[in-house]
There are 2 protein chains.
Amino acid sequence: MAESNTTRDRIVNAARELFYEHGFAGASLADILKKAEANSGSLYHFFKSKEELLIAVLELYKDMMQPVLLEPLWKDVTDPIERVWALLGGYRQFLIMTDYTYGCPIGNLALEVGNHLPSARQKIFENFENWRLAVRRCLEDAGARLPGDVDRDKLATFVLTTMEGGVMQARTAKSIEPFDSSVEMLKDYFARLMKAPDRA
Amino acid sequence: MAESNTTRDRIVNAARELFYEHGFAGASLADILKKAEANSGSLYHFFKSKEELLIAVLELYKDMMQPVLLEPLWKDVTDPIERVWALLGGYRQFLIMTDYTYGCPIGNLALEVGNHLPSARQKIFENFENWRLAVRRCLEDAGARLPGDVDRDKLATFVLTTMEGGVMQARTAKSIEPFDSSVEMLKDYFARLMKAPDRA
DNA sequence: GTCTATAACTTGATAGAC
DNA sequence: GTCTATCAAGTTATAGAC
């Protein structure tokens with residue numbers, strides 16, 4: 001995992017940070033090696049190309065989601081609907097804390113690599129899937145508080161959509177307003193769903 | 001504008017296409033010049049750096065929004081709410097038509113350049129603003145069909161959020177499903193707003 | 001305003017000793 | 001598994017003739 005200190009892990013972690021800050025194309029292997037305090041020979045001992053290093057980074061993100069993202073945010077929140085807002089609140093805090101410099105690392109890579117690197121696209125997809133499944137689980141746990149005819153899966157996708165679209169606009173505006181506006185609309189939608197009579 | 005054929009315009013247009021396909025860092029000036037059938041001397045006669053060329057591309061996008069994006073999509077649609085769906089439908093068609101290879105060029109650049117190029121960030125912001133204002137205008141034109149206490153500006157932001165988040169996920173999934181799910185939720189939200197009694 | 005040539009540097013990747 | 005040295009190609013940007 002991330003906390004161990006093998007050469008391989010130092011390289012992957014440095015790559016994760018620099019891909020996050022400068023993008024995949026924008027981060028050079030030289031900079032990554034410098035940050036990792038490692039040498040070119042080590043990098044190419046573990047990975048056969050920069051692309052393979054990216055795959056390792058995306059796998060690390062998958063492994064990090066539960067312990068690094070969800071657990072701290074959900075530690076003191078048991079209500080499943082509140083957990084959805086806590087998750088969005090976490091991104092909100094992070095945006096403000098970093099003065100809108102950093103957004104969602106997966107979203108960044110999603111738009112940068114597009115279809116150019118198929119194996120990376122697949123890993124990005126898996127990251128989105130895990131996020132969506134975590135939210136869907138919350139919505140399922142909400143049980144009858146959401147009407148039976150509300151599609152939990154689609155609604156979870158919509159929560160991810162709101163997060164990614166809101167983060168993108170907040171970073172561009174250097175203001176939390178677009179993010180807050182989007183989340184406010186989403187919350188209002190939830191409120192209307194939850195007070196509506198069950199049509200099922 | 002884009003249709004003229006001066007050397008400058010050919011360069012800006014080639015840059016627009018290659019930044020779209022490969023990103024700002026991923027598109028080289030050599031490739032841009034080759035596509036534009038122009039030489040390095042011409043490029044640096046008009047622009048003092050690659051970054052300045054990006055600014056020109058972002059200004060072109062601003063100029064293109066009305067005639068190239070909105071006008072064709074809204075030509076046969078007069079109902080203001082339907083115009084919102086026509087706009088989202090245009091992106092939907094484009095995603096499918098390009099097999100999820102291309103998304104929103106502004107969204108791509110928004111996440112790639114972040115805060116690294118402040119003047120570019122400003123232009124990206126202006127592009128988002130124009131898009132949001134066009135949608136807000138639709139919502140305002142809908143008049144009393146939306147309850148008076150619905151914030152048109154925030155709702156327009158939320159439409160843009162839905163578009164960008166949906167496009168991101170559809171490209172990653174190589175499937176229209178996440179986009180359709182998101183738009184379906186947004187439409188349901190609109191339906192609930194529009195049938196709700198005016199609380200104002 | 002357009003051309004060619006090229007500077008100055010960085011890129012991803014490799015070779016081979018230890 | 002880690003090191004140094006290095007390659008070949010590509011990068012942005014410039015110089016100066018026309």
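This is a predicted model, so every value here is computed, not measured. All chains are named by letter (A, B, ...) in the order of the sequence lines, taking the proteins before the strands, and each is independently numbered beginning at 1.
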Handout entry: Distance-only donor-acceptor test, B:S40 side-chain atoms vs D:dT14 base atoms, 3.5 Å
Key = yes
Completion exercise
Between CZ of B:F47 and C1' of D:dA13 the distance, given in whole Å, is 15 Å
Exercise for the section: Compare side-chain N and O positions of B:Y44 against OP1 and OP2 of D:dA13 and report whether any pair is under 4.0 Å apart. Expected result: yes
Completion exercise
Residues B:L186 and A:F158: closest non-hydrogen pair is N-CZ, 3.9 Å
Practice task
Take the protein atom NE2 of B:H22 and the nucleotide atom P of D:dG10, then report the distance between them rounded to whole Å.
Solution key: 14 Å
Practice task
Just call it for B:A25: base, sugar-phosphate, or nothing, with non-hydrogen atoms closer than 4.0 Å on any strand.
Solution key: nothing
Exercise for the section: Please say whether more than 12 non-hydrogen atoms of neighbouring residues, nucleotides or ligands are located less than 6.0 Å from CZ in B:R145. Expected result: yes
Handout entry: For atom NE2 of B:H45 and atom C1' of D:dG16, their distance in whole Å
Key = 15 Å
Exercise for the section: Step by step, work out the side chain to side chain contact (heavy atoms under 4.5 Å, CB included) result for A:L60 and A:D9. Expected result: CA-CA 10 Å; A:L60 174 58; A:D9 288 340; over 6 Å; no
Practice task
Nearest-nucleotide wise, let me know which of B:G41 and A:S49 is further upstream toward the 5' end of DNA chain C.
Solution key: B:G41
Problem - Atom-pair distance (CD on A:E52; P on C:dT14), nearest Å - result: 11 Å
Handout entry: Ring centers of A:Y61, A:F128 separated by less than 6.0 Å
Key = no
Problem - Side-chain donor or acceptor of A:R171 paired with backbone N/O of A:T101 under 3.5 Å - result: yes
Practice task
Could you tell me whether the phosphate oxygens of C:dT10, OP1 or OP2, come under 4.0 Å of any side-chain nitrogen or oxygen in A:S28?
Solution key: no
Practice task
Could you tell me the separation between the CG atom of B:N39 and the P atom of D:dT14, rounded to a whole number of Å?
Solution key: 17 Å
Exercise for the section: Round to the nearest Å and state the distance from A:L43 atom CG to D:dC3 atom P. Expected result: 12 Å
Exercise for the section: With DNA chain C as reference, determine whether A:E51 or B:T6 sits nearer its 5' end, using the nearest nucleotide of each. Expected result: B:T6
Fill in the blank from the handout: From the candidates D:dT2, D:dA13, C:dG12, the one with an atom nearest any side-chain atom of B:L29 is D:dA13
Problem - d(CZ, B:F46; C1', D:dT12) in whole Å - result: 19 Å
Practice task
Measure the distance from CG on A:L53 to C1' on C:dA13 and round it to the nearest whole Å.
Solution key: 13 Å
